[in-house]
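Scroll down for the structure; my scribbles are underneath it.
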Amino acid sequence: MQLLMFGVALLASATFTRWVRDYSIARGWTSTPSLDRHVHTRPIPRLGGVAIFLTLWCMVLLAHWLPGHFGTNEFIFPHLTIKILGPATIIFLLGLADDFCGVNAYVKFAVEAGAAVLLFCNGFGISHLSLLAGHPHLGWLVGLPLTILWVLWITNAFNLIDGLDGLAAGSALFSTLVNCVLAVLFHNEGILILTLVLAGAIAGFLRYNFNPASIFLGDCGSLLIGFLLSAVALAGSQKAPTVIAVAIPIVSLGFPILDVAVAILRRFLSCKRIFGADREHIHHKLLGRGISHRKAVLVLYAVSACFGLLSLFLLHPASTAVATVLTVVGIGVWIGIQQLGYHEFLELGHMASRTLNQRHVIANDVSIRRAAEALESCASLAQFCQILHQCLEPIGFDGFGVYLSSEVPVEVERNPFNYASRPNLQFFWDRLLTSSEINWNLTFNLMKSNGKRLGGFALYRKNSASPLWMDLDVFTTTGFSSAVAARLEKMQDSWFGKTQKERAQRPAFETPGPVVASGARQSLAVPSSG
């Protein structure tokens, strides 16, 4: 008989949804696509939450007046009406106000927190930490903040994923069905009836919300559904054992929880407003990969269904089952995030890789410092090249070049440089590289002791794909560039001392190829190869 409530709720929701849609269109209460994150192309009503809200209350009253016809106890629904649907009504009104006139994010959080406090006072809050030894009872100083955080997280999660036709409602339907199963297994009649009614209301609404949608949930619908699911998870966990009470709600709501976590983390990493809107949610990334609107929704339905099924595996009491499920979820989330190509997480991965290889970074930086010290006692070009060769080759460089502001006298011996064209000297470890073979180079200015420009110094790499485990600014902050400049200045003075003095007055040249950064002393540039 209880399944009859699902069918009645489905029909009632479909009827209310059609009526709300037509009435909203007649009154002009539609959402016009005006922002970049909007994916619809025509004005569509966004008051679908009204239909779900009316369905819930009508079913509550119907079951209360006719308890025998639905197999329900006459005391079940008054209890739920006061303790769960009461605070949910506050959330619905908040969303309705946001749909019509807009509500500041902080005001929304304050009202949602107030509803969470009311829910906690009604007996539906986090009172135990089942994952800790002994399952200690939490006082309200700890339990209340955790309850508020949970409610805010889930409530706004469904609001954030409501960006594609049918996405939020469909994801909520899968989570609701998981709660129905749990209610049956743990003989929680009140939660079973509420979840059946909610599932029917969502299913009836999806008839008009699936792509191409003729009506949207709106904030009044997405916030209402999110709040109800957070409350149902709290209420259902009171009759569930230990880990199940914590793990199953989290895993079953995995997709919306994941989307919020990703949004907060990537906005934090990119220094954006945490509560700002953007077009970088998971469903937007799928659309950006060329997947159609409908296929993107179906893909995320499959993800939500997988989270729901995995959460049910947690019903097995063995700890190995819990570990297996959490491992599968973790691996799946990691692969999914990698495939979506978030730049923030790619950079985070690069930072993690760099942290793991910090020992190599330190070793290479130390090698640069030692080379700078060795250059101070260098007496010849051959020794100059040998010091730089021994330092730079293990790091990953393939050669270096020296570009002097005055031409090197013809009489000066320029070995062991592979290439010399008067002021330009290049040295490579293996063989002379052509400009097309040099895929990456780094050039910085060399300054004389009197502050005038001596020339430039370039580092070459032919394999830019391999990682370079070092801090690039080590060349200018450790005295390396000044040591190179000092040694070349002394060599240049000795060269010109062997020739006529007028050679020192040759005009300055422009470095062929590389565009050297000008301005401050020891500035860095990444030019095209010379």
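Quick note: residue numbers are just sequence positions, from 1.
Among residues two or more places apart in sequence or in another chain, the side-chain contact (heavy atoms from CB on, under 4.5 Å) test is passed with R273 by none. In this view, S214 and R21 satisfy the side chain to side chain donor-acceptor pair (under 3.5 Å) rule, not counting sequence neighbours. Shown here are the side-chain contact (heavy atoms from CB on, under 4.5 Å) partners of F268, two or more places apart in sequence or in another chain: I274. Looking at residues two or more places apart in sequence or on another chain, you find no side-chain contact (heavy atoms from CB on, under 4.5 Å) involving T15. Applying the salt bridge (charged side-chain N to carboxylate O under 4.0 Å, His left out) criterion to R266, with sequence neighbours excluded, gives D278. When the salt bridge (charged side-chain N to carboxylate O under 4.0 Å, His left out) test is applied to D471, the partners found at least two apart in sequence or on another chain are R354. A search for salt bridge (charged side-chain N to carboxylate O under 4.0 Å, His left out) contacts involving D98 returns K108, not counting sequence neighbours.
For the atom pair CG (L119) and CG (L144), the distance works out to 10.5 Å, reported to the nearest 0.5 Å. Expressed to the nearest 0.5 Å, how far CG of L47 lies from OG1 of T30 amounts to 9.5 Å. The structure places CG of N364 at 7.5 Å from CG of L468, a figure rounded to the nearest 0.5 Å. E112 CD to I154 CD1: the interatomic distance, rounded to the nearest 0.5 Å, is 12.0 Å. We find the CG-CZ distance between L54 and F16 to be 5.0 Å, quoted to the nearest 0.5 Å. Note that the CD1 atom of I52 and the OG1 atom of T17 stand 6.5 Å from one another [nearest 0.5 Å].
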Candidate pair V111 and V103, rule side-chain contact (heavy atoms from CB on, under 4.5 Å), full reasoning:
CA-CA 11 Å; V111 175; V103 178; over 6 Å; no
Take T155 and F109 through the side-chain contact (heavy atoms from CB on, under 4.5 Å) test and state the conclusion after the steps.
CA-CA 10 Å; T155 300; F109 287 147; over 6 Å; no
Passes side-chain contact (heavy atoms from CB on, under 4.5 Å), F158 versus I161? Steps please.
CA-CA 5 Å; F158 281 94; I161 66 172; 4.0 Å; yes
Chi angles and distances behind the side-chain contact (heavy atoms from CB on, under 4.5 Å) call for C180, F6
CA-CA 11 Å; C180 286; F6 173 84; over 6 Å; no
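A side chain to side chain contact (heavy atoms under 4.5 Å, CB included) with V181 holds for exactly one of L185, V178, V184, N179; it is L185.
The stretch residues 288-304 participates, sequence neighbours left out, in no salt bridge (charged side-chain N to carboxylate O under 4.0 Å, His left out) pair at all. Every pair tested for salt bridge (charged side-chain N to carboxylate O under 4.0 Å, His left out) that includes a residue from residues 140-152 fails, sequence neighbours excluded, so the list is empty.
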Quiz: residues 216-228 side-chain donor-acceptor pairs under 3.5 angstrom, not counting sequence neighbours:
unit_1: D219; atom_1: OD1; unit_2: R46; atom_2: NH2; d: 3.4
unit_1: D219; atom_1: OD1; unit_2: N159; atom_2: ND2; d: 2.7
unit_1: S222; atom_1: OG; unit_2: N159; atom_2: ND2; d: 3.0
unit_1: S222; atom_1: OG; unit_2: G218; atom_2: O; d: 3.2

Side chains of residues 201-211: which donor-acceptor pairs under 3.5 Å do they make with residues two or more places apart or in other chains?
unit_1: N209; atom_1: OD1; unit_2: G166; atom_2: N; d: 3.0
unit_1: N209; atom_1: ND2; unit_2: I215; atom_2: O; d: 2.8
unit_1: N211; atom_1: ND2; unit_2: D165; atom_2: OD2; d: 3.1

Can you list, pair by pair, the side-chain donor-acceptor contacts under 3.5 Å of residues 251-265, counting residues two or more places apart and other chains?
unit_1: S252; atom_1: OG; unit_2: I248; atom_2: O; d: 2.9
unit_1: S252; atom_1: OG; unit_2: P249; atom_2: O; d: 3.1
unit_1: D259; atom_1: OD1; unit_2: I282; atom_2: N; d: 3.2
unit_1: D259; atom_1: OD2; unit_2: H281; atom_2: ND1; d: 3.0

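The aromatic rings of F92 and F53 sit parallel, their planes meeting at an angle under 30°, below the 60° perpendicular limit.
For the pair N122 (side chain) and F124 (backbone), a donor-acceptor distance under 3.5 Å is absent. Using modelled atom types, no side-chain atom of S171 and backbone atom of L167 make a donor-acceptor pair closer than 3.5 Å.
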